[in-house]
Amino acid sequence: MNMAEMENPAGLRGELRRNEPMTRHTSWRAGGCADRAYAPADLEDLRVFLMSLPPREPVYLVGLGSNLLVRDGGLRGTVVFTHRILHGLRFEGNAIYAEAGVPSPRVARFAAMHELTGAEFLAGVPGTVGGALAMNAGCYGGETWAIVESVTTLDRAGQLRQRTRANYDIGYRAVVLRGGAEEWFVAARFKLARGDSAKSRATITQLLERRISTQPLNRPNAGSVFRNPPGDYAARLIEACGLKGLVRGGAQISEKHANFIVNTGGARAADIEALIVLAETRVREQFGIALEREVRIIGEK
Ligand SMILES: Cc1cc2nc3c(=O)[nH]c(=O)nc-3n(C[C@H](O)[C@H](O)[C@H](O)COP(=O)(O)OP(=O)(O)OC[C@H]3O[C@@H](n4cnc5c(N)ncnc54)[C@H](O)[C@@H]3O)c2cc1C
């Protein structure tokens, strides 16, 4: 299939756009365009779309873009949106079934409302269920895969599969499918314990209040830029290098939390990446520690 044919994929009900500015789809509000972006009509439409792609077309599923930076030179490939599309959320037996585009905080509130405990931490992760599964997102002692009973995945051949934890190597903010096949998450079943609704809601409120007081939430950001190294904090190391508040173009290492980089207005992806590289270099020079990136950077300079 050539590019012209991709403009009007036959039989598809979603919307395919060219040169889609990813500033609109990333919480940093920065970066270049995706060559193609597809907003499927629903899961079946997504399945047909994936099957229609040329085999080598790079595909990126994107939720709320809260852990993502697309470089200014843009992305050669196709981005597929899930937010507001894969939006199913319901009880299934004694578990919660959530599709990949459901915002994680919604799962936290849904669980709390229905007297289930264990998902409160998801209130502090401002992405989708798909992003939380891909990142093993977590905070305040909770992490996504600790509450996963099973997931549903989809591949390019349109095949849907049920998988469990046992199919993945799961670590701190890292999830790798054993065998390395290319699959995306379309849904998860979360297994939670019976709890107390008021208690869970109070935990959520407390957690959000703590976030507001410690994180620079008034400026576009992507949460923690680096994973915390074992036994230490990336923010402490960056601050100890004297980098807090440092500015490159429209980006700044946050004055409030040194593991956050904020867009102070008109930041380019290159400004953000320059600060990331600088923090890595200084921390390595000063402490001999190699910081690992938590945020995902894709596309061309
Ligand atoms: C203010 C703020 C606070 C944050 N706090 C936390 C925190 O406490 N803990 C934490 O872990 N994270 C935190 N984050 C980071 C981010 O919210 C999480 O990583 C979140 O899970 C990402 O979800 P998303 O939908 O935005 O993913 P995106 O940014 O859209 O994508 C992230 C990665 O996941 C992949 N992906 C997305 N959807 C799918 C899918 N359906 N199938 C396969 N791959 C997929 C993407 O291709 C990309 O590689 C924070 C971010 C912000 C802005």
Side-chain angles (χ1 to χ4, degrees), residues 22 24-31 34 37 40 43 46 50 58-70 75 77-87 98-108 120-146 151-156 161 163 168 171-177 181-188 207-208 210-212 214-228 234-235 254 256-257 259-263 272 293-299:
M22 290 303 287
R24 293 186 193 152
H25 306 284
T26 54
S27 59
W28 252 321
R29 301 275 172 251
L43 177 57
L46 168 59
L50 290 174
V59 175
Y60 304 88
L61 261 70
V62 169
L64 279 159
S66 63
N67 203 50
L68 191 64
L69 184 63
V70 176
L75 192 64
T78 300
V79 157
V80 176
F81 301 123
T82 61
H83 181 225
R84 297 212 179 92
I85 296 159
L86 302 180
H87 53 60
E99 288 184 348
V102 175
S104 298
R106 248 194 97 200
V107 176
E120 293 86 349
F121 72 94
L122 283 176
V125 182
T128 59
V129 165
L133 292 169
M135 298 301 305
N136 192 19
C139 57
Y140 299 120
E143 62 176 28
T144 303
W145 278 86
V151 293
T152 310
T153 66
L154 178 61
D155 68 13
R156 265 172 204 270
R161 288 186 185 82
R163 295 201 179 274
Y168 297 88
Y172 169 55
R173 306 290 173 268
V175 179
V176 179
L177 177 61
E182 191 182 35
E183 293 178 11
W184 296 278
F185 299 109
V186 294
L207 183 156
L208 293 177
R210 230 186 310 165
R211 302 220 129 201
I212 290 164
T214 56
Q215 299 182 353
L217 302 180
N218 56 340
R219 292 255 164 90
N221 69 80
S224 294
V225 172
F226 299 105
R227 300 182 167 102
N228 284 323
S254 166
K256 197 163 176 182
H257 191 310
N259 197 18
F260 278 52
I261 292 177
V262 294
N263 182 349
I272 295 168
R293 295 175 189 186
E294 184 172 323
V295 293
R296 303 240 172 125
I297 303 181
I298 54 179

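Start at 1 and go down the list; that is how both ligands and their atoms are numbered. Computed from a prediction, not measured in an experiment: that's the story for all the values here.
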- Item | Any donor-acceptor N/O pair, S104 side chain to T128 backbone, under 3.5 Å | yes
- Message: I need the nearest protein heavy-atom contact for atom 37 (C) of ligand 1: residue, atom name and distance, please.
- Response: L61 O, 3.4 Å
- Item | T26 OG1 to I272 CD1 distance, which is reported to the nearest 0.5 Å | 8.0 Å
- Heavy-atom contacts with L217 under 4.0 Å: which atoms of ligand 1 show up? List them by number with element. 1 (C)
- Numbered atoms and elements of ligand 1 in range of G223, under 4.0 angstrom, heavy atoms: 2 (C), 3 (C), 4 (C), 50 (C), 51 (C), 52 (C), 53 (C)
- Query: Nearest protein heavy-atom contact for atom 44 (N) of ligand 1: which residue, which atom, what distance?
  - Reply: A134 CB, 3.6 Å
- Do D155 and L50 touch side chain to side chain, with heavy atoms closer than 4.5 Å? no
- Just jot down the ligand 1 atoms closer than 4.0 angstrom to any heavy atom of C139, in number order. 8 (O)
- Message: What I'd like to find out is whether the side chain of V62 reaches to under 4.5 Å of the side chain of M22, using heavy atoms alone.
- Response: yes
- Item | Ligand-side contact atoms (ligand 1) for residue partner M135, heavy atom cut-off under 4.0 Å | 19 (O)
- Task: Please determine if V62 has a nitrogen or oxygen closer than 3.5 Å to a nitrogen or oxygen of ligand 1.
- Result: no
- Task: Considering the heavy atoms of L68, write down every atom of ligand 1 situated less than 4.0 Å from one of them.
- Result: 29 (O)
- Do the side chains of M135 and V125 get nearer than 4.5 Å, heavy atoms only? no
- Message: For atom 17 (O) of ligand 1, which of the options P220, G65, S66, G131 provides the nearest non-hydrogen atom?
- Response: S66
- Task: May I ask you to identify the nearest protein heavy atom to atom 25 (O) of ligand 1, giving residue, atom name and distance to one decimal place in Å?
- Result: T128 OG1, 2.6 Å
- Right, does atom 31 (O) of ligand 1 have protein non-hydrogen atoms nearer than 4.0 Å? no
- Best match, R227, R211, E294: closest heavy atom to atom 6 (C) of ligand 1: R211
- Can you find a heavy atom in the side chain of V262 that is under 4.5 Å from one in the side chain of W28? no
- Given side chains that start at C-beta, do those of H25 and V79 come closer than 4.5 Å, heavy atoms only? no
- Item | Atom CZ of R161 with >12 non-hydrogen neighbours under 6.0 angstrom | yes
- Query: Got L68 and I298 here, is their nearest side-chain heavy-atom distance under 4.5 Å?
  - Reply: yes
- Item | Within-cut-off N or O pair, Y60 and ligand 1, under 3.5 Å | no
- Note on the structure: G124 heavy atoms within 4.0 Å reach ligand 1 at atoms 5 (N), 8 (O)
- Query: Should we say atom CZ of R156 is surrounded by more than 12 heavy atoms from elsewhere, each under 6.0 Å from it?
  - Reply: yes
- atom 4 (C) of ligand 1 sits nearest the protein heavy atom P126 CD, 3.5 Å
- Message: Tell me whether E99 contacts the main-chain N or O of H87 through its side chain, where contact means a donor paired with an acceptor under 3.5 Å.
- Response: yes
- Return the residue, atom name and 0.1 Å-rounded distance of the protein heavy atom closest to atom 1 (C) of ligand 1. N221 OD1, 3.3 Å
- Straight-line distance of N259 CG to E294 CD, nearest 0.5 Å: 7.5 Å
- What do you reckon, does R173 have a nitrogen or oxygen under 3.5 Å from a nitrogen or oxygen of ligand 1? yes
- Message: Does ligand 1 come near enough to F260 that some N or O of the ligand is less than 3.5 Å from an N or O of the residue?
- Response: no
- Considering heavy atoms of the protein only, find what lies nearest to atom 42 (N) of ligand 1 and give residue, atom and distance to 0.1 Å. F185 N, 3.0 Å
- Task: May I ask you to test the T82-F185 pair for a side-chain heavy-atom distance under 4.5 Å?
- Result: no
- Note on the structure: Heavy-atom proximity to atom 21 (O) of ligand 1, picking from A222, G127, A132, points to A132
- Query: What protein heavy atom sits nearest atom 49 (O) of ligand 1, and how far away is it?
  - Reply: R296 NH1, 2.8 Å
- Any idea which of L177, V125, V59 brings a heavy atom closest to atom 13 (C) of ligand 1? V125
- Query: Got an N/O contact under 3.5 Å between S224 and ligand 1?
  - Reply: no
- For ligand 1, which atoms, with element, lie under 4.0 Å from some heavy atom of L64? 24 (P), 25 (O), 26 (O), 30 (O)
- Query: Under a 4.5 Å cut-off applied to non-hydrogen side-chain atoms, are L64 and P126 in contact?
  - Reply: no
- Note on the structure: atom 10 (C) of ligand 1 has as its nearest protein heavy atom G138 O, 3.5 Å
